[in-house]
S.K.: 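Mind looking over this structure? Questions follow.
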Amino acid sequence: MTLTLATALKKTVKNSYHVVLVDDNSQTMGQLTSELQTAVSSLIEASRFKGKLADTAISYGTDNNTGLLLVGVGSQDKLNGGSLQKIAKAIYASLSRLTKSAVISLGDSIDEVSFGQLALALLNQSYTFDIYKSQKADKPTLKDVTLLVSADNQAAFDTLLQLQQATAQGQSLTKDLANQPPNVCFPAYLAEQAQNLANQYPELLTVKVLGEKDMQQLGMNCFLAVARGSAHEAKLVLLEYNGKAAKKDKNSKTKGKKSSLEQPIVLVGKGITFDSGGISLKPGLGMGEMKYDMGGAAAVMGMIKALCEARLPLQVVGALACAENMPSGTATRPGDIVTAMNGKTVEILNTDAEGRLVLCDTLVYVQRYQPKVIIDMATLTGACIVALGYVRSGLYSNNEDVIFELEQASESAYDRVWHMPLDDDYQEQLKSNMADMQNIGGMPAGSVTAACFLSKFVEDIPWAHLDIAGTAWQSGKEPTATGRPVPLLMHYLYRQATQDAV
């Protein structure tokens, strides 16, 4: 589905629909012609439309008549990212198989933040994942949506729309990767997809892949410990995005000489393509959803895709820590002690706390880039779901500026986080009498102690950890990836690019 902006409707497309937002006081949002306002008033009266959030009323169009869809927004004072997502869902559900085009009147009735959230919500409505179904549902006919805005807002909204279109493409890639079955998506598959992405944007992107022999030479024994039980080789995939060296022309495919990266922003993603728990085997119920344990790596790949589409003038490295956690005769045992890349020893008391093991070695490795900041994202702990549910991602950081920037980006993107504690007192739970540390801290504050474990491997570099265990996918009868936290990070990087420009 394509979104475009306009300040006035130049022509009426046959069998198109005009969408009008109506609040719970029967007030319309956006600027309407007198003819359209009359039609809206008639439909409100005939349908007894009350303007409740996401309620709809429709007057069907014909070849010679434009259809009309009313969508309730509830109280305009309470309009937020959540209600805008419901509004977008109601619009798409009503029109997706009814028309090819639609026009939504917005005028100056919403601000920049709300516009961006609505645009992204509309773009995400058309996502489907049905490549493994032999009988596919009828494809939606809705292809083009025009957003009518005021001339005063057009320039700012156009910039936001471009950002959100890039974000939506990144989210779609993230969802596609995460929704793949684990017999298809294993570490080598993710490495292959990264190379395919680099082939699409040769002027922007370079990919490097480290295999297990490389990791052995580097001393990444925590990472390797996770992969020992699997037949699939572990991979550390590095995507180097140089938006400062590339040409600004989006249509250019010229592969220019890339300058070396200087203090890039580094994004690290946990890429456990299937997590059985290893020897510390998980319960069978719900284990099929453990294909989503690579949600962090999928999000990093989606972020790089979005960056390439938006061509932000930044230098960014995406690191995918990819492995499969399986039980076997060669698998790591509870009680094993391994040495991380930085020389610290780890007593592995639970092989199901494996994400922090691939991440800790990756965090050490990426410091060779001398990063400006490191942000890792991982479906790391069930404890984070207990704490925050499925609404907000847990945010841990050693830097107040990074916390502030991520919190601001999370609100504008409506991809929300919650700042969690990282007090030194929690480190006591990770003490081991056999090694420098153990990989679990017990039941209390499980998400906090996981973040504390990671903090031991970042030294003084500005760093943030996002626990996305509750937000990377939706569970239940119809589990599916959400594409989070791509919107959050895209807004964060856009803010960084804007600050650099200033």
Side-chain angles (χ1 to χ4, degrees), residues 127-134 171-197 209 211-212 215 223-237 268-302 318-332 350-359 362 377-382 385 468-484 486:
Y127 176 82
T128 57
F129 186 83
D130 60 0
I131 62 175
Y132 295 103
K133 290 189 175 183
S134 56
Q171 276 194 273
S172 292
L173 176 58
T174 295
K175 294 173 187 176
D176 283 346
L177 292 173
N179 284 329
Q180 288 287 349
N183 61 318
V184 172
C185 182
F186 40 86
Y189 175 85
L190 288 176
E192 179 184 339
Q193 297 308 304
Q195 189 57 61
N196 289 343
L197 194 61
V209 180
E212 291 186 0
M215 296 183 200
F223 199 131
L224 291 168
V226 177
R228 284 193 184 123
S230 174
H232 294 293
E233 183 182 4
K235 304 284 184 183
L236 175 56
V237 184
V268 176
K270 172 188 171 185
I272 303 299
T273 56
F274 186 77
D275 182 19
S276 68
I279 296 296
S280 306
L281 194 67
K282 291 178 180 289
L285 184 64
M287 194 190 286
E289 291 186 16
M290 288 301 97
K291 69 176 186 177
Y292 292 114
D293 209 23
M294 43 69 73
V300 171
M301 189 101 78
L320 318 182
C322 306
E324 186 181 52
N325 188 24
M326 298 291 285
S328 76
T330 60
T332 294
N350 189 324
T351 63
D352 194 25
E354 85 298 329
R356 66 201 70 182
L357 296 177
V358 297
L359 288 174
T362 304
M377 59 217 72
T379 51
L380 204 62
T381 66
I385 301 176
I468 58 173
T471 57
W473 82 93
Q474 297 171 353
S475 294
K477 293 182 179 180
E478 297 181 355
T480 185
T482 64
R484 294 175 65 183
V486 173

S.K.: Under the side-chain contact (heavy atoms from CB on, under 4.5 Å) rule, collect the residues that match up with T174, sequence neighbours excluded.
M.R.: A298, A299, V486
S.K.: Can you tell me how far the OG atom of S328 sits from the CD1 atom of I279, to the nearest 0.5 Å?
M.R.: 7.0 Å
S.K.: How are the rings of Y132 and F129 set to each other: parallel, tilted or perpendicular (split at 30° and 60°)?
M.R.: tilted
S.K.: Indicate yes or no for a side-chain donor-acceptor contact from T330 to the backbone of R228 under 3.5 Å, with no hydrogens or angles considered.
M.R.: yes
S.K.: For the residue pair V300 and A319, what are the closest heavy atoms and their distance?
M.R.: CG1-N, 4.0 Å
S.K.: Check L281 against S276 and note the closest heavy-atom contact, atom names and distance.
M.R.: CD1-O, 3.4 Å
S.K.: Run the side chain to side chain donor-acceptor pair (under 3.5 Å) test against R484 and tell me which residues pass, sequence neighbours left out.
M.R.: D415
S.K.: Please report the C-alpha distance between H232 and S230 in whole Å, then the side-chain angles of each, then the deciding distance to 0.1 Å, and finally whether the side-chain contact (heavy atoms from CB on, under 4.5 Å) criterion is met.
M.R.: CA-CA 5 Å; H232 294 293; S230 174; 3.6 Å; yes
S.K.: What is the distance from atom CZ of F274 to atom CG of N325, rounded to the nearest 0.5 Å?
M.R.: 9.5 Å
S.K.: List for me each residue that meets salt bridge (Lys or Arg N to Asp or Glu O under 4.0 Å) alongside D352, sequence neighbours excluded, and say none if there are none.
M.R.: K282
S.K.: Listed by chain and number, what are the side-chain contact (heavy atoms from CB on, under 4.5 Å) partners of N196, not counting sequence neighbours?
M.R.: E192, Q193, N199
S.K.: Taking atom types as modelled, is there a side-chain donor on Y292 or Q474 under 3.5 Å from an acceptor on the other?
M.R.: no
S.K.: Under a 3.5 Å distance rule, please check whether N179 uses its side chain to pair with a backbone N or O of A481 as donor and acceptor.
M.R.: yes
S.K.: Taking only residues two or more places apart in sequence or in another chain, which ones pass side chain to side chain donor-acceptor pair (under 3.5 Å) with N350?
M.R.: S280
S.K.: Residues two or more places apart in sequence or in another chain: which of them pass side-chain contact (heavy atoms from CB on, under 4.5 Å) with L285?
M.R.: none
S.K.: Given 3.5 Å as the limit, does a donor-acceptor pair link the side chain of T273 with the main chain of F186, or not?
M.R.: no
S.K.: Using the test side chain to side chain donor-acceptor pair (under 3.5 Å), find all partners of E212 that sit at least two apart in sequence or belong to another chain.
M.R.: none
S.K.: T351 side chain to T332 main-chain N or O, any donor-acceptor pair under 3.5 Å?
M.R.: no
S.K.: When you compare the side chain of C185 with that of L190, does any pair of heavy atoms fall below 4.5 Å?
M.R.: yes
S.K.: Can you name the closest pair of heavy atoms from A378 and L359 and give their distance?
M.R.: CB-CD1, 3.7 Å
S.K.: What's the shortest heavy-atom distance between A469 and L380, and which atoms?
M.R.: CB-N, 4.0 Å
S.K.: If you define the side chain from C-beta out and look only at heavy atoms, does anything of Q180 sit under 4.5 Å from I131?
M.R.: yes
S.K.: Identify, with sequence neighbours excluded, every residue that meets side-chain contact (heavy atoms from CB on, under 4.5 Å) alongside L173.
M.R.: L177, L197, M301, K305
S.K.: Can you list the steps and then say if Q171 with Y127 is a side-chain contact (heavy atoms from CB on, under 4.5 Å)?
M.R.: CA-CA 9 Å; Q171 276 194 273; Y127 176 82; over 6 Å; no
S.K.: Heavy atoms only: give me the nearest A297-G271 pair and the separation to one decimal.
M.R.: CB-CA, 3.5 Å
S.K.: Can you sort out the partners of K175 under side chain to side chain donor-acceptor pair (under 3.5 Å), two or more places apart, ordered by chain and number?
M.R.: none
S.K.: Does any N or O in the side chain of T482 come within less than 3.5 Å of the main-chain N or O of A472, such that one atom is a donor and the other an acceptor?
M.R.: yes
S.K.: For residues 287-299, which residue pairs pass the salt bridge (charged side-chain N to carboxylate O under 4.0 Å, His left out) check, not counting sequence neighbours?
M.R.: K270-D293
S.K.: Measure across M215 and L236 and return the closest heavy-atom pair with its distance rounded to 0.1 Å.
M.R.: CE-N, 3.4 Å
